[in-house]
Number of protein chains: 2
Amino acid sequence: MRTDTNEIYVDLQRKLVTAQLEPGTKLKPNDLQGEYGCSSNTVRDVLLRLSKVGLVEFEMQRGFRAKASTPEMRRDVTKFRILIEQEGAALSMKNGGVQWEAKLSAAHHQLSHIETQIERTNDVLRYMDLWSDAEENFHETLISGCESPLLRETYSNVYAQFRQQMISQERNFGSNYFRSIIIEHQAILDAALDRDVEACRQSIYDHLKRNL
Amino acid sequence: MRTDTNEIYVDLQRKLVTAQLEPGTKLKPNDLQGEYGCSSNTVRDVLLRLSKVGLVEFEMQRGFRAKASTPEMRRDVTKFRILIEQEGAALSMKNGGVQWEAKLSAAHHQLSHIETQIERTNDVLRYMDLWSDAEENFHETLISGCESPLLRETYSNVYAQFRQQMISQERNFGSNYFRSIIIEHQAILDAALDRDVEACRQSIYDHLKRNL
DNA sequence: ATTTCTAAAAATTTCAACTTTTTGTTTGGC
DNA sequence: GCCAAACAAAAAGTTGAAATTTTTAGAAAT
């Protein structure tokens, strides 16, 4: 009846990027242990692994806490995400083949479908999880042709941290917001498929600059 | 009489970046436990923390191994290091004050002193540890004015991985080698102090391109 | 000879008790 | 009344062993 360790990892990860565990919260293995019906040591293991992604801060003899969120950190993670995503996209445009174009096109189609639904129904909550996955998938697909495992892994971490930092901020989730990002995602896709590196860099910047 | 956990971390880290633990080696907590007079679980903790830096690979239910080294990975880590270092240096040149210039100048002075010694005496081994520290310090100081904790942390990890990947390769440690890098480090310093972003980007590239 | 299956061995992960360190509170001195 | 030392409570880290999983190796079957 024990929860699989990997499920604990995934569950904690989700709680961290959705701010169910708010930034700065102390994460005590002993408290969390109860939730999952495992020993505190197992939780400790999971938290160490989450600290690799940057969602959790670890300090020797002082335990763990959900990574803090400050205006400076939010600007930092945004700047860094822009850098990595621009570079990854540029490399993808250089190296990517038709297959990359196809995958990107598909990812965008799916994302854009969900975003249109949200805009029409104005029911953000209902589609939030779906949208989250699709957004991440689109951005990761964008850089997926870069042929650099290190860059991709770094991006994946930065994206997670970005979510974590911003989620508590984004109270601007009206349908206006989605009208904007529909256009922004489209601009990124168009530039990418055109292999217009400068336009793509610009549209990535435009997409994220509200967080600077 | 127990070894402090942090010492275990530092010791393993050193063995990893110096290839005393060769890339790809399986790292079994049970084997290493003996070396340090602690339980295997403590070693496990340390290895999880080292996997955050990217020196150790971890796979669930399959344990740990020193990160592998292949030509592709060496190229990847080099490309990525160039990217991060160029960007960090550019930002430092933009944001850095006199203090940054002073620290950079000092770091270079120290490094250049050691490199001159090595070139004269041709006794690489004797100065290797000193040189390693000075080289890392110079490059980290170069980007230290970038005002982005994330970029600095990423660089620190990438630098460590770079070392790990290259150490087994660099059999080109003759005095020719040091003659070259003395010039290269000087070029980086000069460009940085001149705040000539393009020249600095170029000299960073020139410094690392041999590994591409 | 190659593949598949099974049993033993080895390695990894989990656990709950124990030790150390940190944190917070109370008490006593100034 | 304020600071500091001592104490108590809580949290973090460590341990050795048990439980689980993966790997290895040998036997049986195709």
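Letters A, B, ... mirror the listed sequences (proteins, then strands); counts begin at 1.
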Distance, rounded to the nearest Å, where A:Tyr36 contributes OH and C:dT13 contributes C1':
19 Å

Starting at atom NZ of A:Lys28, determine the distance to atom C1' of C:dT22, rounded to an integer number of angstrom.
12 Å

Regarding A:Ser40 and A:Asn30, do their side chains bring together a donor and an acceptor under 3.5 Å, going by distance alone?
no

Whole angstrom value for the distance that separates C1' of D:dG13 from CG of B:Leu48
14 Å

Hey, are the side chains of B:Lys67 and B:Pro23 touching, using non-hydrogen atoms and a 4.5 Å cut-off?
no

Between C1' of C:dT22 and CG of A:Asn30, the distance in whole Å:
15 Å

Does C:dT13 have OP1 or OP2 under 4.0 Å away from a side-chain N or O of A:Thr42?
no

B:Leu27 CG to C:dA10 P: how many Å, rounded?
20 Å

Separation of B:Glu59 atom CD from C:dA11 atom C1', in whole Å?
14 Å

Side chain of B:Asp45 only, heavy atoms from C-beta on: which candidate in D:dA11, C:dT12, D:dT14 is closest?
D:dT14

Under 4.0 Å, counting only non-hydrogen atoms across every strand here, what does B:Asn41 touch: a base, just sugar-phosphate, or nothing?
base

Walking DNA chain C from its 5' end, the first of B:Arg44 and A:Gln33 to be reached, judged by nearest nucleotide, is B:Arg44

Between B:His207 and B:His185, is any side-chain donor less than 3.5 angstrom from a side-chain acceptor?
yes

Side-chain touch A:His113/A:Thr116, heavy atoms, less than 4.5 angstrom
no

Taking only side-chain N and O atoms of A:Arg62, does any of them lie within less than 4.0 angstrom of OP1 or OP2 on C:dT22?
no

Measure from the side chain of A:Ser39, starting at C-beta and using heavy atoms only, and say which of D:dT23, C:dT23, C:dC15 lies closest.
C:dC15

State whether A:Lys26 places a side-chain N or O below 4.0 Å from either non-bridging phosphate oxygen (OP1 or OP2) of D:dA12.
yes

Whole-Å distance, A:Asn6 CG to D:dT21 P, equals 13 Å

From the list C:dT13, D:dA11, D:dG13, which nucleotide is the closest neighbour of the side chain of A:Gln61?
D:dG13

Among C:dT12, C:dT13, D:dG13, the nucleotide that comes nearest once only the side chain of A:Phe64 is considered
D:dG13

Just by distance, no angles: are the side chains of B:Tyr159 and B:Gln164 close enough, under 3.5 Å, to form a donor-acceptor pair?
no

